[in-house]
Amino acid sequence: MSCEIDLVPGGRRIGGDDPCFIIADIGQNHQGDVEIAKRMIAAIKESGADCAKMQKCDIESKFTKAALERPYATANSWGPTYGEHKRHLEFSRNQWRELKRYAEDEVGILFAGAAADETSVDFLLDDLELPFLCVPSLDSKNLPLLKRAASKGRPLIVATGTLNMSSVQTLYNVVKPLNDNLILTQSTSTFPLSPDDVHLRVIPTFRDKFPDVVVGYSGQEAGLSISLAAVALGAKVLERHVTLDRSWKGSDHRGAVTMSELRQLVTEVRTIERALGSSKKEMRPSEEAICKKLGKSVVAAGDIPAGAELALDMLTIKVAQPIGFSPDQIYELVGKRTKAFIERDTTVMEDAISV
């Protein structure tokens, strides 16, 4: 059994045999509009996903002055400089508090955040008191941020886009001594993500190399099939970007699922989990009816007198009534003697055979 942790104290556990935890990442697909963000949170709740997530940064903590002043004249820009663009999309702390209250008190869904700087780590965990924290791929090498987040004691979900295995080992070595509740998600930081760049086989690799962490998948691909395959391969956290309209301004919309697709994704994940079932191979109760109706038995190929020593050519296999010896027992019958006459084309029954 894989690692299992409490993602929400006293509540939701992940890993082991627990259901996959499905995170719908609004990111900045809210277009900088609190009301759109609320609509998205409500739709996420209706989809059956476990959690609505957003991304938080303190602009001055994350960017240098020169980075904010650089021109940003693209189809996705919300301002002539990158700083104006980011300020349009970044909610204030009071707006974050409002959205958390809306999600948890009015809608009734778990609210989560990803921190892109240490100031945001403190805000999300100390001020908003979120039960866990997400660390985006581009901060998975940010060792001071990882240390600060890990020291808070809350579970960390760390995306691993842009990393190689050596870098993943480094973040593991930094976080684990400080915080035992680590979740690693396989991720590729491309928007939208081509199937050739997904590499789902990293999921079992992570599970083998880090048996004491929970492993998940964070996807930016189009469609649902890759995410469903990730769950089948053992992902216990599934994160997808979501949008109300894929045609809206912003590069993240193209790698996001719509709310109707999110509903379908949740439904199909739960179906896959039911289908994964048990690792124990045995006949299931649901198979008993077909066995009684069409299951085959060992049958006399011709009349067999009492006291005869059974040879293989005296036996055949057919659908029979009553049900007798299973076909896989036919060779065990060879060499045994009959205690009674067995008529041609009738079932060879146990009471007609000498032990």
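The first residue in the sequence is number 1, and the count goes up from there. Given the structure is predicted, the values throughout are model-derived calculations rather than measurements.
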Quiz item: After noting the C-alpha distance and the side-chain angles of Glu69 and Lys65, does the key distance pass the salt bridge (Lys or Arg N to Asp or Glu O under 4.0 Å) rule?
Solution: CA-CA 6 Å; Glu69 290 176 348; Lys65 184 173 181 288; 2.6 Å; yes

Exercise answer: donor-acceptor pairs, residues 347-355 side-chain atoms, under 3.5 Å, sequence neighbours excluded:
residue, atom, partner, partner atom, Å
Thr347, OG1, Pro322, O, 2.7
Ser354, OG, Arg337, O, 3.4

Self-check item: Non-neighbouring partners of Ala37 that pass side-chain contact (heavy atoms from CB on, under 4.5 Å), sequence neighbours left out
Solution: His30, Phe91, Leu99

Tabulate below the donor-acceptor pairs under 3.5 Å that side-chain atoms of residues 103-110 make, not counting sequence neighbours, or state none.
residue, atom, partner, partner atom, Å
Glu104, OE1, Lys100, NZ, 3.1

Quiz prompt | Within residues 161-180 or reaching into it, pairs that qualify as salt bridge (charged side-chain N to carboxylate O under 4.0 Å, His left out) - sequence neighbours excluded | solution = Lys176-Asp180, Lys176-Asp212

Quiz item: Which residues satisfy the ring-ring contact (aromatic ring centres under 6.0 Å, His included) test with Tyr82, sequence neighbours excluded?
Solution: Phe63, Tyr72, His85

Self-check item: side-chain contact (heavy atoms from CB on, under 4.5 Å) against Asp6, all qualifying residues, sequence neighbours excluded
Solution: Arg13

Quiz item: With sequence neighbours excluded, what pairs up with Gln169 under the side-chain contact (heavy atoms from CB on, under 4.5 Å) test?
Solution: Tyr172, Asn173, Lys209, Phe210

Quiz item: For Asp117, what residues pass the side-chain contact (heavy atoms from CB on, under 4.5 Å) criterion, not counting sequence neighbours?
Solution: Cys57, Asp58, Ser61, Lys62, Thr119, Ser120

Side-chain donor-acceptor contacts of residues 293-308 below 3.5 Å, not counting sequence neighbours, with atom names and distances?
residue, atom, partner, partner atom, Å
Ser297, OG, Gly324, N, 3.0
Asp303, OD1, Arg344, N, 2.7

Quiz prompt | Qualifying side-chain hydrogen bond (donor to acceptor under 3.5 Å, both in side chains) pairs, either residue in residues 254-263, two or more places apart | solution = Arg246-Glu261, Thr258-Ser260, Thr258-Glu261

Exercise. I would like to know whether Asp126 and Lys152 meet salt bridge (Lys or Arg N to Asp or Glu O under 4.0 Å); could you show each step before the answer?
Key: CA-CA 8 Å; Asp126 298 339; Lys152 305 286 186 180; 2.7 Å; yes

Quiz item: What pairs meet the salt bridge (charged side-chain N to carboxylate O under 4.0 Å, His left out) rule with one or both residues in residues 310-335, with sequence neighbours excluded?
Solution: Lys318-Asp345

Could you tabulate the donor-acceptor pairs under 3.5 Å formed by side-chain atoms of residues 269-277, not counting sequence neighbours?
residue, atom, partner, partner atom, Å
Arg270, NH1, Cys20, O, 2.9
Arg270, NH1, Glu273, OE1, 2.9
Arg270, NH1, Glu273, OE2, 3.4
Arg270, NH2, Cys20, O, 3.1
Arg270, NH2, Asp50, OD2, 3.1
Thr271, OG1, Thr267, O, 3.1
Glu273, OE2, Cys20, N, 2.5

